[in-house]
Structures are given as C-alpha cells and as structure tokens.
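Notes follow the structure.
Letters A, B, ... mirror the listed sequences (proteins, then strands); counts begin at 1. No hydrogens, no waters, no symmetry mates; every other heavy atom, side chains included, goes into these values.
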Number of protein chains: 2
Amino acid sequence: MSNYYSSEDKHFVALDCIIFGFDEGELKLLLLKRKFEPALGKWSLMGGFLKNNESLDDGARRILYQLTGLKDIFMEQLYSFGDLSRDPGERTISIAYFALIKVSDNDKKLAKDHGAQWLSIKDLPDLIFDHSQMVKKALAKLRIRSELKPIGFELLNEKFTLPQLQALYEAIHLEPLDKRNFRKKILETGLLDKINEKDRAGSKKGAFLYRFNRIRYEKYAEMGFNFQFKVRRNQLIKANNEI
Amino acid sequence: MSNYYSSEDKHFVALDCIIFGFDEGELKLLLLKRKFEPALGKWSLMGGFLKNNESLDDGARRILYQLTGLKDIFMEQLYSFGDLSRDPGERTISIAYFALIKVSDNDKKLAKDHGAQWLSIKDLPDLIFDHSQMVKKALAKLRIRSELKPIGFELLNEKFTLPQLQALYEAIHLEPLDKRNFRKKILETGLLDKINEKDRAGSKKGAFLYRFNRIRYEKYAEMGFNFQFKVRRNQLIKANNEI
DNA sequence: ACAAAAGTGTTGTGCGTACACCCATGC
DNA sequence: GCATGGGTGTACGCACAACACTTTTGT
C-alpha cells in the first residue's frame, strides 16, 4: 500500500440505518436498545462501523443483514453527519442510509433477539445522539421518493389492495387522501396489474388484489418517462425544503 | 480520550467541493489541475482531508477558503462517495459539497495561483476519480434548490437585471425560458425590489436593476410559506429522479 | 432609420381537487 | 336488513404554457 496521504487524520466512520416498515396501517421504524456504551440501554438506530474492505453501500447492506437477515433490500444513502460532539464516545462520522422492508418478511424473532422493535413514527421515543435528526431527514426523503419512484411497493407484499396502498401513502404523508383521486392517479400510471382475486381481510366485500409490474416500469423508465405517484400538490416542494 | 471503538477501522475522509459560478452568461465550475500524486496534472475538484478537530461543514468551508479566500459562502452537503477503488492512491471516503459563489467576488489572481480555472459546465473535461459523477449530482441538486430556494442570487451581484437572472436560470436548466412567464413568476414572489437605476451593459435601452430582499424572504419563510422559483413544469421531478 | 434588447397581457387547457352514491358481503 | 368498507364519475378553478407587439436608445 502506498502512503500518499499518510500525514492526514483518519476517522471512525459509522453507518446508521433508518429502517422503515408498514404494519397495522402505520409507518414504523425498526429501532433497538443499545447494548454497549456509550448510551447503553437507549433507543437507537441500527448501526455499525465501516470496514476497510467494503464500500459504503456494501457496509450498509451488511449491517442491515446482521439485524434483519434480509438481503436485496431497497436502500439509499441519505446524508452524512459529522459534528464533533455527535457521538460522545469518540469522534465518529456517521453516514446514514434508509431502507424499506416488508415487515412480514422480517423475521420478528431475529429482531427480538437483537432487542429490536417496530415503533410507529407517530410516537417515537427520543433517540441517541443525532439519530432523531436522521429520522427527520429520512422521512422527508421517503416522501420525495414515494412520489417519484414506485417504492411504496417495497413496503407491501407482492399482492396488495388499493385500500392498502392508499393507507401506506397516507401513513407516509400523515394526511388523508381522497379515494377516487388516489385510485385514478395510481391506476393511470398503467403499472398495476389487477389480479382476479380478492383480499377479504379488510372488509366483507373484499378488495381486489394488484401486483406492481416492475418489468413494465423499468422499460418505460429507461425510455426516460417520468412517472409520478403524487398524491397531493406541493408535497414534493415541502419535502425538498426539509432535506 | 476513551476507546470504546478502538477495535474498529479508521479511514481517510476527503471533502470535495463543487464550486459553481455564473459568468459570461454561462454556468461554470471552478476546477484545478492536481499538483500531487496520484493523478498529478489532471483536472479535479477542489478538495482536502477532514481534520480531527472540525465538523464536516467546517472542513468544507476551510477548504473552500483556502482556494478562493472567500467566507460566508452558500454551501450544502451533497453526497458521500466511498467505493473501494475510487481513489487509486489509498482507500478514501469523500464527502462532496457544492458551493455557489459570485465570480466577481472571487479573486481570480488567487485562483490562478492555485492553478484553478473557471470552466463552463457545457464543456467540461474528464475529471479524476469519481468527480464527474459528483458534478452530475451537484447539478441535479442545484436545479432542485434553484426552484425552491432563492439561491440564484448567490451567483449574481447584489444588483442584477431580470434578463441576467433569466439567463442564469436558463444556464442552470440548459433550456430557454419564456421572458414574460419568467418575469411574472419571479416578480409575483414579491421578493425583488426594483431599483431606480439601469444597467446599460447588455443593451442600448438598458434594463432596470433589482435587489433580492433577503429580510423579507426569511420573514415569510419562517412563517412556513413555500416560495417557488419554478420556471418549467416537471423540472423538479426530473432533478429529483437524478439525485 | 434601423438594429437590438427590454418590457408588457391575454387566452386556452390540462391537472389537481372536491364531492356523493351504489355495491357486495358477513353477520 | 343493516353495517362496513370497496368501488365509481363529474364539474370547477387555477396555474402553467403559448404567444406578438411596443419602447428605448445607440449607432
């Protein structure tokens, strides 16, 4: 190894994951109680340290895998935090990632072994360090992404009903949406395939199941078509201002 | 100093600055020829290494100051890059920042002393490492910001004409804009104060000078009002998809 | 007088929004 | 038969886009 930069400082680099899930009609975060000092026993995001032999994205994936056992998860880098005193243990830079997982896929037992729990974003406890700030940014980014990319489907089962999808968007934006406008908007993208099958869990009548057609989406996206999953005017603007 | 994390790896953390300026009707980047190995003599962004005793933002400001001699510059963190082989010298994480400066403020002599040059974004050379990718992201972010925050004014003199402002927006978006629609949109924000004075550099008739009223902007922004400097439909959507 | 850029209003339309009733089923 | 949630269409208003002529002044 060369040593061009040997006189420069080196730093601890942490990777913290904001893990979103959708369950019981609520948007939730997977949080855990810290099992080591400093801040032992406090609520915290899932995190770990970057290793020499992995890229940032690989590191984030590894850390997520350690907690949930899941691979091939939607993840995106969010922002880097580096205030001097952000981690009282030692000077540490943290690069935050957010992830979307299907709660049903997540082995809840495994999560419990790690002391992890799904908590609703409507009622979060205080988090250690600057983790609350990270969550705030992650929510803003999620709102942007959900309007422009079909990532809502990362949080739902492969088959889902339109009322379920609407509930998810409402949970993300914390606002009720008009049923007719929502369905119109979503269906006119032409990306949902209706399945001749009903889910009767939510009502007596039962709601038709749909499947997101990823192939078609990617084909059109490659052609430069900009889909929108906008459910409310000005949401994009607000979220972009918060990030 | 404690040593909670002593068994973890430490890393070099670079800060690279994408510095935008507006001059001669074009959007430009301040680039320099590298004066050390690796990649000596190649075009590069302005960068440096994070020190132990500074935050990320402070480090970025310090590095910008070293090149331009400017303080109190608009800067914003962009993204962090950490592929294993991104810097062939040694494994280095880079946190990219973008900055907006008034070219006229920048002491061009000083820039030259550093081998720096303003190059039009329309005709950029290949940059070292992943710096071209950084520039691409910076442009997308600049497009978003320019539609939602009054940052165009960071690139212009305190007094400017509407044709100048329009030329700036056109340079940012690489598209011509309708004069009447642009003026209407910008003036109806109520954030520009007309000065009873003309700039005759651009034409015989001369164009009235305006000043951005930052005080008024901040007052209304605090009240939660979302200004828009949108000049074209769907620009926000495109830029958000690229970032 | 003419070239060159600054300045100025109106109209159409497409998109987002608001809104109310019938349907299918389990109990 | 009734309560519960699923499913459907239309009318209005606003914000964006398109568009052409007059003004000023230096040469």
Report task. Tell me which of A:Asn181 and A:Ala207 sits closer to the 5' end of DNA chain D, going by the nucleotide each one is nearest to. Result -> A:Ala207
Query - Donor-acceptor pair (no angle test) under 3.5 Å: B:Lys205 side chain, C:dA6 base - result: yes
Query raised in the report: Separation of B:Phe182 atom CZ from C:dG9 atom P, in whole Å?
Result: 18 Å
Query raised in the report: Has the side chain of A:Arg180 got a donor or acceptor atom sitting under 3.5 Å from an opposite partner on the base of C:dA20?
Result: yes
Requested in this report: Mark yes or no for a side-chain to base donor-acceptor pair under 3.5 Å between A:Lys184 and D:dT10, with no hydrogen or angle criteria applied.
Outcome: yes
Report task. Mind checking B:Arg200 for me? I need base, sugar-phosphate or nothing, with any heavy atom below 4.0 Å counting as a touch. Result -> sugar-phosphate
Report task. Please report, rounded to the nearest Å, how far the P atom of C:dT8 is from the CG atom of B:Asp178. Result -> 14 Å
Query raised in the report: Starting at CG of A:Asp199 and ending at P of C:dA24, how long is that distance when rounded to a whole Å?
Result: 18 Å
Report task. Grab the CD-P distance between A:Gln166 and D:dT8 for me, whole Å please. Result -> 13 Å
Query raised in the report: Once you round it to whole Å, what is the distance between C1' of C:dC15 and CG of A:Leu236?
Result: 15 Å
Report summary line: Per atom distances to the A:Ser203 side chain, the nearest of D:dG5, C:dA6, D:dC19 is D:dG5
Report summary line: Separation between CD (A:Glu242) and NZ (A:Lys137), nearest 0.5 Å, reads 10.0 Å
Query raised in the report: Checking only heavy atoms, does the side chain of B:Lys179 share a donor-acceptor pair with the base of C:dG7 at less than 3.5 Å?
Result: yes
Query raised in the report: Between A:Tyr65 and A:Lys71, is there a cation-pi geometry (under 6.0 Å to ring centre, at most 45° from the normal)?
Result: yes
Requested in this report: Starting at atom OH of A:Tyr210, determine the distance to atom C1' of D:dG6, rounded to an integer number of angstrom.
Outcome: 10 Å
Query raised in the report: Regarding B:Asp16 and B:Ser94, is there a side-chain donor-to-acceptor distance under 3.5 Å anywhere?
Result: yes
Query - Between P of C:dC15 and CD1 of A:Ile186, the distance in whole Å - result: 16 Å
Query raised in the report: Of all heavy-atom pairs between A:Tyr210 and A:Leu187, which one has the smallest distance, and what is that distance?
Result: CE2-CD2, 3.9 Å
Report task. Round to the nearest Å and state the distance from A:Leu165 atom CG to D:dG5 atom C1'. Result -> 17 Å
Query raised in the report: Taking atom OH of A:Tyr220 as the centre, does the number of heavy atoms from other residues, nucleotides or ligands within less than 6.0 Å exceed 12?
Result: no
